[in-house]
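Following: one structure in structure tokens, then a few remarks.
Hydrogens, waters and symmetry mates play no part in the numbers below; they use all other heavy atoms, side chains included. Ligands are counted one by one from 1 in listed order, and the atoms in each one are counted from 1 as well.
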Amino acid sequence: MFVNIKISLRDLRLCWIKVLMNIQFPDSFLWGAAISSYQCEGGNFNSDWCSWEKKQGLEEALSACDHYRLFNNDFELAKKINLNSIRFSIEWSRICPDQTTFLDEEIEHYLKVIDSLIKNNLKPVVTLHHFTNPLWFADKGGWSDSKNIDYFIIYLRKMVGILKNKVDIWLVFNEPLVYIYNGYIRGIWPPGEKSIKLAVKALNNIIKAYIIGYQEIKSIYKDTQVIPKISLTKHVRVFSPCDEEKAVLNSFSAFVRDKCFNFWLLDYLNKKKCLDFIGLNFYCKEYTKFKFLFGSECKSGLHKERQNNLGWYVSPKAFYDVLIKLKKYKLPIIVMENGTSESDENYYGNYLREHLNSLLRAINDGVNVLGYFWWSLLDNFEWEQGRKGKFGLIEVDYNTMKRKIRLFAYTYGKICSQNRLIIK
Ligand code: BGC
């Protein structure tokens, strides 16, 4: 029996256009990489993290990636791999080494950083607070004292006022809940507290500071033609119960973690109408086992996903699921951090492709995504883990500070320049 199949040239063309559309990212998509001041610049000795490292006997950031000195070179490399944007943070403790001083030369430094970005066709996206505080602010009680909110707002007002003609995407805070959890509940980051009471106070104050900061930034731009986009970054993880015994209790802890860490902050800020977009940080899936109050992470060979060199479970499917869940906010999304740290070079490329594939699937399923930033541009200083994290598109030799573009970064570069997923 013969089936008469007639495919015209027009059908073929339409079919090809359809395939292309499905691998194409939206126009003007932001393709970037993210960094933070303390993790890359080096020399941030007035920060609470610096004194914490000493106090705890942790590996010290010291000159980190020496990015403070080498920023021009780093941005030229970013341009070489076709990125069109960089997310970086301003170090508050550099600008204000004490309560009453704003150092002009440090403000000047960040102006140079932004000019260098613009010269290299890289759109600046600025974070005002990425986990670190000036030491004097921490000594005054830091975020747990509501009287201190004003200090942050004064710094915000000053920096936004100076940079408003060069920057239009602002992240007031990076991952407030991660900061609070590690600094006030687990006590593994400064200020090293283990107190629910202080955690609630500090979180409350950060949320207040965010809302005030959001409104301040809006009013600073009032006399300009520009409408700024303001948000914070929210770390979202998918929590699954550990595949060990005590299934019911593990499911309970996974549920608690999901409720406490994932969406309530976005729900709250969205209701207050102070999110212009969602800044999503996504890395992995987490298995949770029962432990009073928030459960704890469970690492076991029983789980099907691969673990990266920091033990994180790689799950592009979870990334897709999170993006679909965020659709309910009806806000644009910018993926402000996504990345991995690996011992085997080949895994970076796989991680990148699989996560971009999930991103594209979500976009094709109606999620409004404006950009994607790989974490990180450089092998950054990874907080309490020191130099163990190797997240960079660019590898850093810490002895010589020499940079080397990783192979997968060229693949990323091709995707960025063609604005579509390249199928191997
Ligand atoms: C933080 C970065 C950190 C990265 C990898 C993010 O949650 O914003 O500072 O380096 O995760 O752990």
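- Both cation-pi conditions hold for K158 and F102: the charged atom is under 6.0 angstrom from the six-membered ring centre and inside a 45 degree cone around its axis.
- A salt bridge is defined here as a Lys NZ or Arg NE, NH1 or NH2 lying under 4.0 Å from an Asp or Glu carboxylate O, and D74 with R403 meets this definition.
- Ion pair D267/K271 not flagged as a salt bridge, since none of the NZ, NE, NH1 or NH2 atoms sits closer than 4.0 Å to an Asp/Glu carboxylate oxygen.
- For the pair K272 and Y210, the NZ or CZ position fails the cation-pi test of under 6.0 Å to the six-membered ring centre and within 45 degrees of the ring normal.
- Between N308 and S341, the side chains place no donor N or O within less than 3.5 Å of an acceptor N or O (distance only, hydrogens not considered).
- Contact shell of ligand 1 (protein heavy atoms, cutoff 4.0 Å): Q39, H130, F131, N174, E175, H235, Y283, W312, E337, W375, N380, E382, W383, F391.
- A disulfide bridge does not connect C65 to C40: their SG atoms sit 2.5 Å or farther from one another.
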